[in-house]
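See structure below.
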Amino acid sequence: MATIRKRGPYQWQAIVKRKGYPTTSRTFEARRDAELWARGVEREMVLGTYAPPADVKLSDLIDRYRTTVLPTLRGHHHISVLRRLQDTFGDHSLSAVTPAMVAAYRDARMRAGAAASTVKKEISVLSRVIDLASREWGYAVPVNPCRVISCPPERNARDRRLRPDEERYLIAACPPHLALLARLALATAAL
């Protein structure tokens, strides 16, 4: 049920609360406009076509991700990533997160000495939270800002070869049926 209240001499606020949906409100100059808007929002909620505005705080979405999705994932590294994202983006609304903000976060993390793969994983988690908000949780997000920016390149190629004594120890440690495969891998630079 919608609540209409007066907010000054020329303002009326419509507040719509319904179980399963976030509380939504809007201010109008005329009471009739507030009532019409509230009825329209309630109708959309009943029909299941209502998409809440994307002015929800990102911290709320991260908390929801933490309680609903995180228990289904393996590994504990997601907890620290979510904490870092909440510290950085938590105070901003979903619609206020821009590609420039995500790029600034990426650059700051790289300057702080984080590895490129770590920064990519953090941005990927943020992207998953925003995608879930738009696809499954019903928040209207025109474009995911994480998909627009470029991720830092990973420079983790190895150029070291085994020394002859290391090669000898590797072959000796292999069972007989794997020793031939190990020699083939060494000869073709696959190992």
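- Rounding to the nearest 0.5 Å places CG of Leu82 at 12.0 Å from OG of Ser59.
- Annotation: side chain of Thr24 is in contact with side chain of Met45 (closest heavy-atom distance under 4.5 Å).
- Residues Thr72 and Val69 share a closest heavy-atom pair of OG1-O, 2.5 Å.
- At a threshold of 4.5 Å between side-chain heavy atoms, the hydrophobic network of Ile, Leu, Val, Met, Phe, Trp and Tyr places Tyr10 and Ile4 in two separate groups.
- The CD atom of Gln13 sits 9.5 Å away from atom OG1 of Thr3, with the distance rounded to the nearest 0.5 Å.
- For Arg128, the CZ atom counts as densely surrounded, since its 6.0 Å shell holds more than 12 non-hydrogen atoms of other residues, nucleotides or ligands.
- Separation of atoms CD (Gln86) and OH (Tyr65) is listed at 13.5 Å; rounding is to 0.5 Å.
- A distance-only check finds a donor-acceptor pair linking the side chain of Lys57 to the backbone of Asp91 [under 3.5 Å].
- Atom CD1 of Ile149 sits about 9.5 Å away from atom CG of Asn144, to the nearest 0.5 Å.
- The number of heavy-atom neighbours closer than 6.0 Å to CD of Glu29, taken from other residues, nucleotides and ligands shown, is 12 or below.
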Output side-chain donor-acceptor pairs under 3.5 Å for residues 33-42, partner residues at least two apart or in another chain, one line each.
from, atom 1, to, atom 2, distance (Å)
Glu35, OE2, Arg31, NE, 2.9
Glu42, OE2, Ala2, N, 2.7

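- Between Lys6 and Trp12 the shortest side-chain heavy-atom distance falls below 4.5 Å.
- The line from OG of Ser127 to CG of Leu132 is 9.5 Å long, rounded to the nearest 0.5 Å.
- Linking ILVMFWY residues whenever their side-chain heavy atoms come closer than 4.5 Å, directly or via other members, places Ile79 and Val81 in the same cluster.
- Rounding to the nearest 0.5 Å places CD of Glu136 at 9.0 Å from CZ of Arg64.
- Ion pairing of Arg66 with Asp63 is present here, as a side-chain N (NZ or NE/NH1/NH2) and a carboxylate O approach within less than 4.0 Å.
- Contact between Val129 and Trp137 at its shortest, heavy atoms only, is O-CZ3, 4.3 Å.
- The shortest distance between side-chain heavy atoms of Leu186 and Leu170 falls below 4.5 Å.
- Arg168 meets the salt bridge (charged side-chain N to carboxylate O under 4.0 Å, His left out) test with no other residue; sequence neighbours excluded.
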All N/O donor-acceptor pairs, side-chain side in residues 101-126, below 3.5 Å, sequence neighbours left out:
from, atom 1, to, atom 2, distance (Å)
Tyr105, OH, Glu122, OE1, 2.7
Arg106, NH1, Ser150, O, 2.5
Arg109, NE, Glu122, OE1, 3.0
Arg109, NH2, Glu122, OE2, 2.9
Lys120, NZ, Glu154, OE2, 3.3
Glu122, OE2, Arg84, NH1, 3.0

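- Using a 4.5 Å cut-off on side-chain heavy atoms (C-beta onward), Pro145 and Ile130 make contact.
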